[in-house]
Amino acid sequence: MKFLRQRLDSLRNFSQKNKLLAFLKPVINAADEIYFGTDKVTTLPHILDSMDIKRYMSLVIVALVPVALGAVYLWGMRVLAVIAVSYIFGGMVEVIFAASRKKEIHEGFLVTGLLFPLILPPTIPLWMAAVGVIFGTMFGKEIFGGTGRNIFNPAIVGRIFLSVAFPSAMTTSWLMPFNQGVGGFLKFSADALTQATPLTTFRNEHLITDFGNLLLGGSSGCIGETFRLGVIIGGIFLIFAKISNWRLPLSALLSVVICSGIGNFFAPDKFAPALFQIFSGGLLLGAFFMLTDPVTGPFTRAGKWICGILFGFLVVLIRGLSGYVEGVMFSLLLINVFSPFIDRLVLGVKYPKIKK
Amino acid sequence: MRKSKTFSGGYRFINFEGQPKDTLEEVRVPLRVTIPLRQGFGAEGSCLVKAGEGVLAGQIIGHSEYGVSSPVHSSINGVVEEVKRVNYFKRDCLMVSIKGDGNPRYQKLPGAINNWESLATEEIEKIVYLSGVTALDREGIPTRMRSSIILPKEAKSLIVHGVGSEPYNVSPELLLKGKNILNLIEGIKILRKIMPNARVFLALSSHSRKILEEIEKLTSAYDWLEIYPLEPKYPQGYDEMLVPTILKQKFPYGYSAANVGAVILNLQAVLLSYEAVVEGKPLIERTIALCGPAFKEPSHIKARIGTPLREVVEGRVKEGLSARFVLNGLLTGFELKDLNLPIDKTYSQIIGLVESRERKFLSFLNPGLKSDSYSNTFMAKFSPRIQKTCDTNKHGEERPCISCNYCEEVCPVGIIPHLLVKYIQCNILDETLMNLRVFNCIECGLCSYVCPSKIPLAKQIREGQEKLTIQGCDRNQCILPYFDNFKGIEEYRGPKEL
């Protein structure tokens, strides 16, 4: 601890003396703030909650740990390489912007850096992951002004960019997951055994994958979305810790159940049954971890219900009727677009104009 | 037992370290007191004594003919040393310093008798007024002598409360120890005689079960009294929250409960008016809770008004730490920087905090066995018996708002603090802000407390209100159209003349 303190202090002194290294200041400060708590004291109110943004964000990461571990088991150690690439290149963008703004580095990136690799296919080339995370952080977040001001979820922006720019790499190559013994913990990558995702199988052959496989990750899909048990555990942990709000995931999942129930009743060859829709694709990951992003989502209570319902509707609609098999990604983007508008409508009802 | 009532929003501060014990210690009569002539609300009294004059404890030394006010007494026997103007809680105020002889005797109020029921209403009002008790709490006790902004007959409801929703409170168990519980009921009867048109409500914390049961037993015969157990959730003790939870009535934010005909009094005010009428005791001393981690043995004291803080605090604070003293509320209270200032009628708690500038290693990862938080991310949430630490560290760096909505969830008046602050930071100060009810803010400070980004929301909302007022958008425009027959609006705050 003392050693670390001395290191940090000497590094700071060094960067202050050397003008060329001045741009490193935000990095050193960020490291300092991560290792040591603040020494600032309150004014009014005289006491403050022990919670801070660092803990907020690190608990989201804690909630993602089961998913990430499951992903390593299913797809091999290569997953760790993708995560590392995402953190390194996304972090670079964050540091460059923080340095040019002369502001501190914000912790929001910690979540994006882990969430982004989890929504990529396991075969993704590393350079592609780097391009995606750079694009996502830059155009999804930084150009809007950084943490707290972005309209779109940066991870979703990066993912959409990749699937538009490199459609074949993003949609056609899927792997068969490990499912025996120590799984992927001793191997670098899963064998290149292409297999369609459960949603594609449904679209082409009207077959429904076994629920045990869907829940535990025995089916193909993106890196983090197939170990759905972990996703559910993480999501419920976040809701219980009051970090994400229960309204959005609940309304989204309910809406998926209802919409797909109706769709399945009238057009069973287009719309999959409700339970299968819930447990396939990236719906759970999207509903628990991306829809609940407080910055890009709605903040009013009614707005949360409305957006959740709209999200579920869009997901079922895109999955059933569009050319894409998976609709979570686009639905999330659309919800991000809609939520300020919905909030405005809700506020207009909640706070009527004052009497004159 | 009825179910406890509450409001939506708010936050319960559970078991902070250094809760005061149920013991009462009388501070010895000080040899020198300084008495401010304006204590609490109301106008400043004109000084009735000169330097060099001898005064008796209980003698009225300050009294104003104009405006809403109550008399101020000398709290010790002695000689007036000096009368001068000083800056007291950011306002200019006359202070009378008295050098005393240490004799605890005091002058009794004229006309006070044991059998108070034989007194006429006017006489009771006069005794209560002359005792200075009428100056207690937000808007005091109304009498014919203009001690409050309304007249006694205009009071439609009287709420007596001992909810204790702050992190630290005067213990109601101590205040209502033994015979005091009967005194409280007598006190309520006395006040009911003063305010004949008022329905009476007694609101207590639902966690002081014993007292509630005892009072219910004692008062079962009175059909004019309603007892409300309330969840001790901050800021339930505020007038702004008591009126909607108990009376089911809108509160005129920014004005006072008296404007809508409700008189809200603390347990202590009722007990003191009983003492005034029956025992003839003027308001010269108060029970104050000394609490918080900086005190060696947090407990209650009874101190004469005007006692310098130093005398109260000295010897009771742990050695070798830099302490911060806060008056009454941790979220809104003044910091008591100058320990030479005296205790006055408005004091009920003095909280001693430890200034903590220590930079904890990896503080955001600690399990938090003793950390209090609105979120469920600390272990302390699962062990309510463990005492939580209470210090002045900010526990994190200031960051941009991520709209986590904690502030809206806890806001007791249903506004959205983070949205208001975003408008205010962008300098969009217009009717949008008023429509979002920026003037409903009661400055309880809870939004600033829970914010994980450490944004001083309450402070910025207040600044926004001030800027709006400068631009000519007034609180009145938001509140007055919603209320008819507002009472005491001309008398509101301060004298007309002078």
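Order of the sequence lines sets the chain letters (A, B, ...), proteins ahead of strands, with each chain counted from 1.
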- Query: Which one of H395(B), K381(B), E355(B), R437(B) has the most heavy-atom pairs closer than 4.5 Å to chain A?
  - Reply: H395(B)
- Task: Indicate, with yes or no, if the rings of Y234(B) and F13(B) have centres closer together than 6.0 Å.
- Result: yes
- Item | Heavy-atom proximity to chain A below 4.5 Å, by part of C401(B) | backbone
- Item | Heavy-atom proximity to chain B below 4.5 Å, by part of D343(A) | neither
- So does R359(B) have more than 12 non-hydrogen atoms from other groups sitting under 6.0 Å from CZ? yes
- Query: What part of I105(A) lies closer than 4.5 angstrom to a heavy atom of chain B: side chain, backbone, both or neither?
  - Reply: backbone
- Message: Surrounding NZ of K40(A) (heavy atoms of other residues, nucleotides or ligands, distance under 6.0 Å), is the total greater than 12?
- Response: no
- Item | Structural part of K103(A) lying under 4.5 Å from a heavy atom of chain B | neither
- Atom group of L59(A) that falls short of 4.5 Å from chain B, counting heavy atoms: side chain
- Assert top hit (heavy-atom pairs under 4.5 Å, partner chain A, pool S375(B), G445(B), S371(B)) equals S375(B)
- Whatever's closer than 4.5 Å to a heavy atom in chain B on Y56(A) counts as side chain
- Note on the structure: Looking only at I416(B), T332(B), L353(B), most heavy-atom pairs under 4.5 Å shared with chain A are made by I416(B)
- Option that, when pairs with chain B are counted at under 4.5 Å, heavy atom only, ranks first among G146(A), S244(A), A241(A): A241(A)
- Message: Given heavy-atom pairs under 4.5 angstrom as the criterion, report whether the side chain, backbone, both or neither of D391(B) touches chain A.
- Response: backbone
- Item | Interface moiety of I34(A) toward chain B, non-hydrogen atoms closer than 4.5 Å | both
- Task: Please indicate whether R462(B) has more than 12 foreign heavy atoms, meaning atoms of other residues, nucleotides or ligands, lying under 6.0 Å from its CZ.
- Result: no
- Task: Against chain B, label D32(A) side chain, backbone, both or neither, depending on which of its atoms sit under 4.5 Å from a heavy atom there.
- Result: both
- Note on the structure: Scored by heavy-atom pairs under 4.5 Å with chain A, the best of E398(B), H418(B), K422(B) is H418(B)
- Below 4.5 Å from any heavy atom of chain B, which atoms of T296(A) appear? Answer side chain, backbone, both or neither. neither
- Quick check, are the ring centers of F36(A) and F361(B) under 6.0 angstrom apart? yes
- Query: Taking C404(B), G368(B), C390(B), G329(B) one by one, which has the highest count of heavy-atom pairs under 4.5 Å against chain A?
  - Reply: C404(B)
- Message: Heavy-atom cut-off 4.5 Å, strictly under: side chain, backbone, both or neither for S58(A) against chain B?
- Response: side chain
- Among the listed options H106(A), E104(A), R55(A), the residue most often paired with chain B at heavy-atom distances under 4.5 Å: R55(A)
